[in-house]
**Student:** 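Quick one: the structure is below, questions incoming.
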Amino acid sequence: MPMAWVLLVYLGRAGGFTLLCGVAAVVTAFVLMRRSARETRLSAAPRSDFYYQRAFMFALLAYLGVQLIVGPMLMVTPSWDFGAVYNTAISGEVQPSAYVNLFPHNALFTYVCTLYYGALLRAGVTPAPLYALFFNVVVIDASLCLLFAALRRLFDAHTALWASLAAFAFAPLLAYAPIAYTDTFSLLFVCGALLIEATLSKEEGLSLRRMLLLTVLEGVIIGLGFKVKASVAIIAIAAVLSFVAFVDRARLKQWLLRGATLILALLLTMTISEGIMKAARVYDPAQSDQARYPYTHWIMMGLKDVGGWNQADVDFTSFFPTYSEKAAATKLNINARLRAYGFSGLIRHQNEKIAFTWTDGTYTSSNKLSRQPLHDYAVTQLFAEGGDAQPAFQWYCDVYHCILVIGVMLSFAAFLFKPQNRMHFLVSLAVAGLTAFLMIWETRARYLLHFYPLMLVAAIYGYRWLYERRWKEG
């Protein structure tokens, strides 16, 4: 249901030229796939797995070079939450800050950044935005390596290489290179969980001990990911539901044990990491318990206008001195907004909210790069909002996003007929879960970024289903 709604809104709001270019690109890709399949059948021996791994490493090194050339040109003065974390962490000393007291959900990321900048200071290096770029490049490229490994297990080395090349061509990842924040840092946890699920799906006859060890590791990864970005936990929910949907009676007890182990490991990791943050004094629990915003604050913001961040709601919640007063006031405001909308008004609001979230192919990166850029190069004019050449970047990103969205929707069409396997079920359900979450929560396009790997996998399932159903030569 959420994805069908997204499709209807997207088709209505995406530009006709963007849709035309997206469909043309898909058709061209299918024609090339048919030719490639024909040439593969006529060729001699198939290429080895090592060939594709080596090709991926060469492509990754080339991508790293592009990141290190383009990234510094796109650097901005750290501002918004990215700046708040950066300015808190560059002291290199772990200590409570007003920002983390207010937003303790960013405590783990702030802690990691503080340790990183502290290590730089001990090495005699003064923290600067350039080192935030280096940190983020490592995070993004490590995530892409995990994604390639997962794709090899889910499909084959050939598909993994081409899908990874498509990921390198995903321009928002390059655009976000100088912005070290939770949107990119959470990619590590999403790709790590995806790799473990792919490994468990690939290995037949897996021993109970190995399965439980991998499950505990997955629970730890998702638990830490939740402390960076709460929506990462959707993967755990999708994983447990995939166990239920695909379990056979012979292995029922084993899969029930795995589901319980995953949930227990996740909850323990969340509890332990929270204890570490308090013990390390990343924030002051006593002050934070009064200053922090309740979760209802972001639900309230999600009910105003297009559902994005707005200063008026921040001022409203900040007005109340205690947590309990904030929670009570925001709940009253939520109820008032729902009553004011009514059913039809709420539907119109959701249409605007979906369009705001799903129709920006830059994933908000152009907007973020326009905020106090440190340089004014030609590449800045291309990537940053308001730049002379930015419409070209916007067009490229919108067409890429269109191809991705079409693939995800095809995946859901295949899902309705019959899921191809448990992983197809899992990634489809996870993307639908994020969509439903953002229909409730405060939203913007960049909140989709960390789920890009799952959307890419879903799109592969979707296009493979259509290719094998309609295009593949008999």
Side-chain angles (χ1 to χ4, degrees), residues 1-16 18-19 80-81 103 105 172 182-183 229-231 233-234 237 293-320 326-368 385 394 397-398 401-402 404-406 408-409 412 428-452 455:
M1 175 63 180
M3 299 312 297
W5 199 345
V6 168
L7 177 62
L8 291 173
V9 173
Y10 181 80
L11 291 175
R13 300 298 182 90
T18 297
L19 290 172
W80 54 285
D81 292 89
F103 302 111
H105 56 272
T182 58
D183 303 299
K229 215 168 209 21
S231 49
I234 293 170
I237 299 170
Y293 289 1
Y295 288 123
T296 46
H297 166 77
W298 288 275
I299 297 174
M300 178 184 73
M301 278 206 291
L303 284 167
K304 185 170 183 177
D305 300 329
V306 293
W309 182 91
N310 68 87
Q311 186 63 51
D313 278 354
V314 172
D315 293 340
F316 173 82
T317 305
S318 301
F319 173 79
F320 299 95
K326 289 182 176 75
T330 51
K331 287 176 184 176
L332 287 173
N333 211 349
I334 289 169
N335 290 331
R337 288 180 182 181
L338 289 173
R339 285 195 301 270
Y341 276 128
F343 179 76
S344 59
L346 187 60
I347 296 297
R348 288 192 296 272
H349 165 71
Q350 286 296 343
N351 288 340
E352 296 301 320
K353 194 173 181 181
I354 290 169
F356 178 65
T357 308
W358 283 89
T359 57
D360 179 10
T362 74
Y363 291 61
T364 325
S365 62
S366 281
N367 175 270
K368 298 304 182 186
E385 192 175 85
Q394 184 76 51
C397 291
D398 286 347
H401 182 61
C402 177
L404 187 66
V405 169
I406 291 172
V408 170
M409 297 309 164
F412 276 91
S428 299
L429 201 60
V431 174
L434 178 67
T435 303
F437 175 77
L438 294 179
M439 290 174 73
I440 299 169
W441 207 253
E442 176 250 332
T443 189
R444 59 191 54 243
R446 70 179 172 87
Y447 293 172
L448 299 173
L449 184 71
H450 66 304
F451 263 45
Y452 167 74
M455 291 193 286

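In what follows, every heavy atom counts, from backbone to side chain, and hydrogens, waters and symmetry copies are set aside.
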**Student:** Could you state the interatomic distance from OG1 (T443) to CG (L448), rounded to the nearest 0.5 Å?
**Tutor:** 6.5 Å

**Student:** Write down the atom of I347, the atom of W5, and the distance for their closest heavy-atom approach.
**Tutor:**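 Scanning both residues, the minimum pair turns out to be CD1-CH2, 3.7 Å.
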
**Student:** Dump the intermediate steps for side chain to side chain contact (heavy atoms under 4.5 Å, CB included) on Y295 and W441, then the final yes or no.
**Tutor:** CA-CA 9 Å; Y295 288 123; W441 207 253; 3.6 Å; yes

**Student:** Are the side chain of H349 and the backbone N or O of V306 linked by a donor-acceptor pair below 3.5 Å?
**Tutor:**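 Absent.
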
**Student:** When you measure from the side chain of D398 to the backbone N and O of T18, does any donor-acceptor pair fall under 3.5 Å?
**Tutor:**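 Answer holds: no.
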
**Student:** Has the side chain of Y452 got a donor or acceptor atom that lies under 3.5 Å from a matching backbone atom of P172?
**Tutor:**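 No, the answer is negative, given that no donor and acceptor are paired below the 3.5 Å cut-off.
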
**Student:** Supply the atom-to-atom distance S365 OG to E385 CD, rounded to the nearest 0.5 angstrom.
**Tutor:** 9.5 Å

**Student:** Which of these passes side chain to side chain contact (heavy atoms under 4.5 Å, CB included) with R446: T357, T364, T362?
**Tutor:** T364

**Student:** Any idea which heavy atoms bring S231 and L434 closest together, and the distance?
**Tutor:**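 That closest heavy-atom pairing would be CB-CD1, 3.8 Å.
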
**Student:** Aromatic ring centroids of W298 and H105 under 6.0 Å?
**Tutor:** yes

**Student:** Taking all atoms of both residues into account, what is the closest heavy-atom pair of I234 and F451, and its distance?
**Tutor:**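 Closest approach of I234 to F451, heavy atoms only: CB-CZ, 4.2 Å.
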
**Student:** Please check if the distance between the ring centroids of F316 and F320 is under 6.0 Å.
**Tutor:**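 Ring centres of F320 and F316 closer than 6.0 Å.
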
**Student:** Atom CG in L338, atom CG in N333: separation rounded to 0.5 Å?
**Tutor:** 10.0 Å

**Student:** Side chain to side chain contact (heavy atoms under 4.5 Å, CB included) between F319 and K326: does it pass, once the steps are laid out?
**Tutor:** CA-CA 8 Å; F319 173 79; K326 289 182 176 75; over 6 Å; no

**Student:** Please name the pair of heavy atoms, one in V6 and one in T435, separated by the smallest distance, quoted to 0.1 Å.
**Tutor:**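 V6 and T435 have their closest heavy atoms at CG2-CG2, 3.4 Å.
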
**Student:** Please tell me if the side chains of N310 and D305 come closer than 4.5 Å, counting only heavy atoms from C-beta onward.
**Tutor:** no

**Student:** Is the side chain of H401 donor-acceptor paired with the backbone N or O of W358 at a distance under 3.5 Å, no angle test?
**Tutor:** yes

**Student:** Kindly determine whether L346 and L303 satisfy side chain to side chain contact (heavy atoms under 4.5 Å, CB included), including the steps that lead there.
**Tutor:** CA-CA 9 Å; L346 187 60; L303 284 167; 4.1 Å; yes

**Student:** So, Y293 versus S318: side-chain donor-acceptor pair below 3.5 Å or not?
**Tutor:** yes

**Student:** Does the pair K353 and E442 meet the rule for a salt bridge (charged side-chain N to carboxylate O under 4.0 Å, His left out), with working shown?
**Tutor:** CA-CA 9 Å; K353 194 173 181 181; E442 176 250 332; over 6 Å; no

**Student:** With K229, which residues qualify under salt bridge (charged side-chain N to carboxylate O under 4.0 Å, His left out), at least two apart?
**Tutor:**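 Checked K229 against salt bridge (charged side-chain N to carboxylate O under 4.0 Å, His left out); matches are D183.
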
**Student:** Suppose we screen for salt bridge (charged side-chain N to carboxylate O under 4.0 Å, His left out). Which residues come up paired with D360, at least two apart in sequence or across chains?
**Tutor:** none

**Student:** Roughly how far, to the nearest 0.5 Å, is CD1 of I406 from CG of L19?
**Tutor:**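 Answer for the CG-CD1 pair, L19 versus I406, is 6.5 Å.
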
**Student:** Do M300 and T317 come within less than 4.5 Å of each other through their side chains, counting heavy atoms only?
**Tutor:** yes

**Student:** Rounded to the nearest 0.5 Å, how far does OH of Y10 lie from SG of C402?
**Tutor:**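 Taking SG in C402 and OH in Y10, the distance rounds to 4.0 Å.
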
**Student:** First locate atom CD of E352, then atom CD of Q350, and finally report the distance between them rounded to the nearest 0.5 Å.
**Tutor:**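 Rounded to the nearest 0.5 Å, the CD-CD separation comes out at 10.5 Å.
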
